[in-house]
There are 2 protein chains.
Amino acid sequence: MSEVLREIGMIARAFDSISNIEFKELELTKGQYLYLVRICEQPGIIQEKLAEMIKVDRTTAARAIAKLELQGLIEKRSDPDNRKIKKLYPTAKGEEVYPFLKREADYSDQTALAGLSDEEIETLYKLLKRVRRNVEQDWEYVKKGNKRSY
Amino acid sequence: MSEVLREIGMIARAFDSISNIEFKELELTKGQYLYLVRICEQPGIIQEKLAEMIKVDRTTAARAIAKLELQGLIEKRSDPDNRKIKKLYPTAKGEEVYPFLKREADYSDQTALAGLSDEEIETLYKLLKRVRRNVEQDWEYVKKGNKRSY
DNA sequence: TCTATTTTGTTGTATTTACAACAAAATATC
DNA sequence: GATATTTTGTTGTAAATACAACAAAATAGA
């Protein structure tokens, strides 16, 4: 059997760890960068979708976002057409830190991919996207309380 | 810029989440499976190396391992030649659960890789191993308190 | 239209995670 | 051989994470 997921796990934990350390100087605590980046890229997104996107528990996302709001990095806006949802937007302060987050992410990608040709990178990226799409299905299935059989 | 690491993060979180849910029926709490699997595969490994391998903080590993010991799934053995280290071994009970962990991991790999040809899987695996090796260097560098410049 | 289900969000609680600081043994350096 | 450094392990503390349970609005189904 292959051990693709094991490699992926190692890479993900390592880079998450690096990012968390590096973003401390922006007063961002563990995990916060994940949410802030996506809110900057997709202003107006709601909490529920964000959690799905990041693949994190809804309640974890709720608290991370609440904290970002408290820090004045994002704001929640009620939607007049739908009283249930709260759209998320970066504040000016949030927009200010975004370039730093982006630069860090780009740098990490760059070092991660060191020694790979453009073509190899492209191949890797395409394959990963396919894997991710496979994963999404299982994740939602299990998260909803269903049981996989194997 | 590519977004390879973002894809990797999504996949890793999704599968970690799935595994944690599925292993609850074995009385394994969050993250424990990671350690137990590797101790079964490399009996005699020490805590420090295990943390490096998994890419998790030393103290996190320490507590996860302490708990596995408390649950009677692994045991720590002192080494007569080196009074500092403690080698880790699965107990009979630990060995018993291993096949379940393995089966789950294999199944997850299988679903993750659904629709990819054997050749694509091989390519992906090889590329990921290269990425992981790149990552290891940065991780250790940053973990030791050094600063990356970008 | 009425009711059931789904979506979205929140809060209480237990647990993991990581950083900081420490200690002791082993190894390297002089 | 003495001492400085690295390796390995532990504990205190703060914070994130996830599950359970709840509530309210929106949507689907009859």
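Here is the naming used below: chain letters follow the sequence lines, and residue numbers restart at 1 for every chain.
Between atom NZ of residue B:K76 and atom CD1 of residue B:I39 there is a gap of 9.5 Å, rounded to the nearest 0.5 Å. Taking CZ of B:R6 as the reference point, atom OG of A:S108 lies at 12.0 Å (rounded to 0.5 Å). Here CD1 of B:I18 is found 8.0 Å from CD of B:E104. Values are rounded to the nearest 0.5 Å.
A salt bridge does not link A:K129 to B:E7: none of the charged side-chain nitrogens sits closer than 4.0 Å to a carboxylate oxygen. Looking at A:K102 and A:D106, a side-chain N of the basic residue comes within less than 4.0 Å of a carboxylate O on the acidic one, giving a salt bridge. A salt bridge links A:R148 to A:D138: one of the charged nitrogens lies within less than 4.0 Å of a carboxylate oxygen.
The backbone N or O of A:Q137 sits nowhere less than 3.5 Å from a side-chain atom of A:E140 that would complete a donor-acceptor pair. Put simply, the side chain of A:K93 gets close to the backbone of A:Q71: a donor and an acceptor are under 3.5 Å apart.
The residue A:K87 sits apart from the nucleic acid: no heavy atom pair falls under 4.0 Å. If you check every strand for non-hydrogen atoms under 4.0 Å, A:K144 touches nothing.
Contact footprint of chain A on DNA chain D: nucleotides with an atom under 4.0 Å from a non-hydrogen protein atom, first to last in 5' to 3' order, D:dA15 to D:dA26.
Along DNA chain C, the nucleotide closest to A:K84 and the one closest to B:K67 are compared, and the more 5′ of them pairs with A:K84. Mapped onto DNA chain D by nearest heavy atom, A:R83 and B:I21 fall at different nucleotides, with B:I21 at the one closer to the 5' end.
At a non-hydrogen distance threshold of 4.0 Å, B:K30, B:I46, B:Q47, B:E48, B:K49 from residues 26-54 of chain B come into contact with DNA chain D.
Straight-line distance from the NZ atom of B:K55 to the P atom of C:dT17: 16 Å, rounded to whole Å. In this structure, B:N20 places its CG atom 10 Å from P of C:dT16, rounding to the nearest Å.
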